[in-house]
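Since the structure comes first, as structure tokens, the remarks are kept for the end.
Computed from a prediction, not measured in an experiment: that's the story for all the values here. A note on names: the letters A, B, ... follow the listed sequences, proteins ahead of strands, and every chain is numbered from 1. Side chains included, hydrogens not; waters and symmetry mates left out as well; all remaining heavy atoms used.
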Amino acid sequence: MNATLRSLRDLFVSPQLSVVLLVLGMLLIFAATLDQVNLGIWAVQEKYFRSFVIYTRLGSVAVPVFPGGYTIGGLLLINLVAAHVYRFSFTARKAGIQLTHAGLILLLVGELLTGLWQEDYNLRLTEGETRNYAESYRDNELVVVDTTDAQFDDVVTIPERRLAGQAPLQHPKLPFRVVPKAYYPNSVLQARPADATHRPGGQVSLATTGLGERVLAAPQPITYRQDERNLPSAYVELVAADRSLGTYLVSTGLVMPQVFEYGGRQWKIALRVKRAYKPYALTLLKFTFDRYAGTEIPKNFSSRIRLKTPDGRDDREVLIYMNNPLRYAGLTFYQSGFERDERTTILQVVRNPSWLLPYIACALMTLGLIVQFCFHLVGFVGKRRPVAAIKTTPA
Amino acid sequence: MKPCTHLCALGLFPLLIAGCRDREITSYRVPKERDAPPAAASTAHADATAATPAAPSGGSGGAMADTAVATAGGANLTWVAPAHWQAKPGSAMRKGTYAVTGDGGAAAELAITAFPGDVGGDVANVNRWRGQIQLPPLPDAEATRSITRFDYNSLKIGFVEMAGTSGGQPTRITGAIVPYQGATWFFKFLGPDALVAKEKAAFLEFLKTIKPPTSTP
């Protein structure tokens with residue numbers, strides 16, 4: 001091992017690094033807790049814990065100011081594993097410490113896997129409505145759909161964050177490129193003046209075709225309120241090999257998608273809430289909101305759902321109510337909310353394959369601490385016994 | 001590769017995956033939706049296509065699993081504002097805010113809010129607005145008569161207009177009260193008398209664009 005690698009190893013193995021990382025972790029949590037007032041829980045999680053570096057803005061420049069949760073947690077994980085490989089010896093007397101550290105490692109890995117694998121969507125169904133997809137609470141996507149086929153739609157989805165870059169976006173299923181021209185994370189839509197591209201507020205409409213000829217998007221500050229969602233808009237130009245197909249205004253505020261024709265095929269373009277399609281469909285048969293007799297006090301909420309797979313393997317009715325979710329195909333459907341018309345139910349759809357890891361991690365750490373404590377207790381009692389015998393002799 | 005390099009790679013690999021997630025362009029094929037008729041861009045009207053800014057996320061985003069709660073305001077109404085109205089950032093209580101400036105720097109504001117229930121009923125709401133511009137409350141029958149009813153886009157819109165004073169200046173309110181899904185939406189256009197009167201036609205046109213949302217195909 002050369003000197004550089006050795007010094008790198010020594011750095012990762014060192015207990016000083018553990019202390020520094022733990023202190024940084026505490027500072028991170030403290031700052032994130034304070035900033036939750038401004039940003040809300042979701043934005044804080046993304047900014048502080050599910051990031052490598054935390055940036056602050058000085059004017060228009062983003063300046064890195066602190067390592068993010070992925071960096072601190074990742075380094076802590078490497079530090080712990082490296083310490084076990086190089087520094088700690090596996091002996092029975094150290095079993096408690098080993099178990100405790102194993103629990104900590106599992107906890108860090110569990111958080112990482114949760115960040116990677118967890119799905120948290122919602123499914124909104126009105127009585128009689130059938131859906132085979134759930135919708136994200138926060139994420140949006142640009143979809144370009146080939147609707148030519150009579151039975152199926154071929155969908156290409158582009159994550160919202162890709163619209164923030166100016167780079168042309170290409171996919172083998174699209175005979176044209178999608179070139180983002182402008183992107184607003186939050187916006188309002190307004191009627192566009194008929195005779196100008198500029199409006200009094202200074203916003204410029206870049207749209208040359210579609211609904212953007214009549215509507216423009218004006219940027220707004222991002223909202224971080226938990227009960228609101230931003231209304232992102234973007235101007236995207238579709239560029240084929242031979243010509244530009246025009247610049248479209250897309251927005252989650254535009255309820256209907258825009259359609260166009262190219263290459264003898266029918267296309268549809270829209271910015272919408274991100275969807276997660278499932279290989280089965282749910283139909284809301286009946287939503288029930290029971291109250292205690294003579295009062296408006298809620299007693300029970302329930303959704304009678306028909307679950308059906310295309311191959312006919314499953315076709316059954318299920319009742320989802322409080323504390324009785326539907327568990328199917330790795331997903332859990334909770335009764336989460338409803339609309340005031342009491343005909344529309346909102347189900348929370350959750351997948352978290354690593355949900356058990358934090359429990360196992362805590363159990364391991366508890367066990368490790370108990371084992372370590374017992375070793376010390378036994379050792380302490382063993383040392384104390386002769387002294388006690390001496391003291392009792394004179395009596 | 002040395003053990004410590006292994007360790008680094010082991011630790012950094014999943015982090016790199018985490019950094020790249022949700023950035024990929026993907027494709028899939030789905031059966032057509034039966035209840036989602038597409039609208040041609042050439043025929044769709046602008047007023048049929050817009051949703052409100054900062055729309056509630058469904059009300060259940062922050063709700064605990066297994067805890068059923070009513071959504072904060074139900075589904076949002078949609079509208080398209082005239083081009084010369086300037087959208088302003090929303091606030092905690094507002095569904096939308098628009099500023100309108102007139103001659104000599106006169107400024108009026110359209111505030112859009114929504115509250116559960118009927119908020120006391122039409123008479124109470126009309127008299128509340130009257131009180132804001134130093135007008136005495138009207139008897140029930142007269143207050144009810146002061147409301148002009150419109151049916152636009154399956155919504156029952158109650159339009160009122162009143163002129164009074166605020167801070168010693170002639171002030172006018174043109175407003176609309178819209179019951180929708182167990183909540184009441186208020187569109188209050190308040191400002192200098194002359195400016196609000198001038199904008200009345202635009203406000204009435206704006207009311208025609210208010211409609212319930214439809215599902216996005």
Exercise for review: Go through the steps for B:I25 and A:T157 under the test side-chain contact (heavy atoms from CB on, under 4.5 Å), then give the verdict.
Suggested key: CA-CA 6 Å; B:I25 300 174; A:T157 71; 5.8 Å; no
Tell me, for [X] versus chain B, whether the close heavy atoms (under 4.5 Å) come from the side chain, the backbone, both or neither.
X      : value
A:N132 : side chain
A:T147 : both
A:Q170 : backbone

**Study point:** Heavy-atom side-chain proximity of A:V155 to B:V30 below 4.5 angstrom
**Key:** yes
Practice item. Report yes if the side chains of A:H171 and B:S27 come closer than 4.5 Å at any heavy-atom pair, otherwise no. Key: yes
Revision key, fill the gap. Sequence neighbours excluded, the answer for side chain to side chain donor-acceptor pair (under 3.5 Å) partners of A:D154 is B:R29
Exercise for review: With a 4.5 Å cut-off on heavy-atom pairs, point out which of A:A150, A:P172, A:P310 contacts chain B the most.
Suggested key: A:A150
Exercise for review: Specify which of A:I320, A:I158, A:D149, A:I222 makes the most heavy-atom pairs with chain B at under 4.5 Å.
Suggested key: A:D149
Exercise for review: Report yes or no: does A:K173 contribute a side-chain atom to a donor-acceptor pair with the main-chain N or O of B:Y28 at less than 3.5 Å?
Suggested key: no
Point to revise | NZ/B:K198: more than 12 non-hydrogen atoms of other groups inside 6.0 Å | key: no
